[in-house]
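Worksheet for the structure shown next.
Count residues from 1 along the sequence. As the structure is a computational prediction, the values presented were derived from the model and not from experiment.
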Amino acid sequence: MKNKKEKAPDMALEMQETIRQLLKKHIVGIVQDRAEGFDFYLPGGKTVHISVQNV
């Protein structure tokens, strides 16, 4: 069980990076990294903050 808990943060970071790369590649906008997650700025000024965490 301990081994699963150790891998969980890595999985969350991997998922967050995958989402970040998909947005950069397929949607017009700007990605700005933050301490926790990242912000995605859409044309027209709308912003989406994306952060993945284990619960």
Side-chain angles (χ1 to χ4, degrees):
M1 187 68 111
K2 183 179 179 183
N3 207 10
K4 287 182 183 179
K5 286 184 179 182
E6 289 175 3
K7 289 185 178 183
D10 292 337
M11 289 173 53
L13 292 175
E14 183 178 331
M15 178 174 276
Q16 183 172 297
E17 181 60 23
T18 300
I19 293 168
R20 183 180 175 279
Q21 293 300 324
L22 286 170
L23 287 172
K24 283 181 76 173
K25 184 174 181 181
H26 298 289
I27 300 178
V28 175
I30 298 171
V31 173
Q32 184 173 17
D33 292 326
R34 297 284 181 205
E36 290 186 14
F38 60 92
D39 292 337
F40 185 69
Y41 296 89
L42 296 165
K46 298 203 181 217
T47 304
V48 178
H49 179 77
I50 298 174
S51 177
V52 178
Q53 62 183 10
N54 295 311
V55 290

Flag yes if Val31 and Val48 sit in one hydrophobic cluster, no otherwise; membership is Ile, Leu, Val, Met, Phe, Trp, Tyr, and two members link when side-chain heavy atoms are under 4.5 Å apart.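 The answer is yes; both residues are in one hydrophobic cluster.
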Please find the pair of heavy atoms, one from Val52 and one from Met15, that lie closest to each other, and give the distance.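 Taking Val52 first and Met15 second, the nearest heavy atoms are CG1-SD, 4.1 Å.
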Return all side-chain donor-acceptor pairs below 3.5 angstrom for residues 35-46, not counting sequence neighbours, or 'none' if the list is empty.
from	atom 1	to	atom 2	distance (Å)
Asp39	OD1	His49	ND1	2.6
Asp39	OD2	Arg34	NE	2.8
Asp39	OD2	Arg34	NH2	3.3
Tyr41	OH	Gln32	OE1	3.2
Tyr41	OH	Arg34	NH2	3.3

Could you list the residues that satisfy salt bridge (charged side-chain N to carboxylate O under 4.0 Å, His left out) with Glu17, not counting sequence neighbours?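 Only Arg20 meet the salt bridge (charged side-chain N to carboxylate O under 4.0 Å, His left out) criterion with Glu17.
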Can you find a pair of side-chain heavy atoms, one from Leu23 and one from Ile50, that are under 4.5 Å apart?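 SC-SC contact between Leu23 and Ile50 confirmed.
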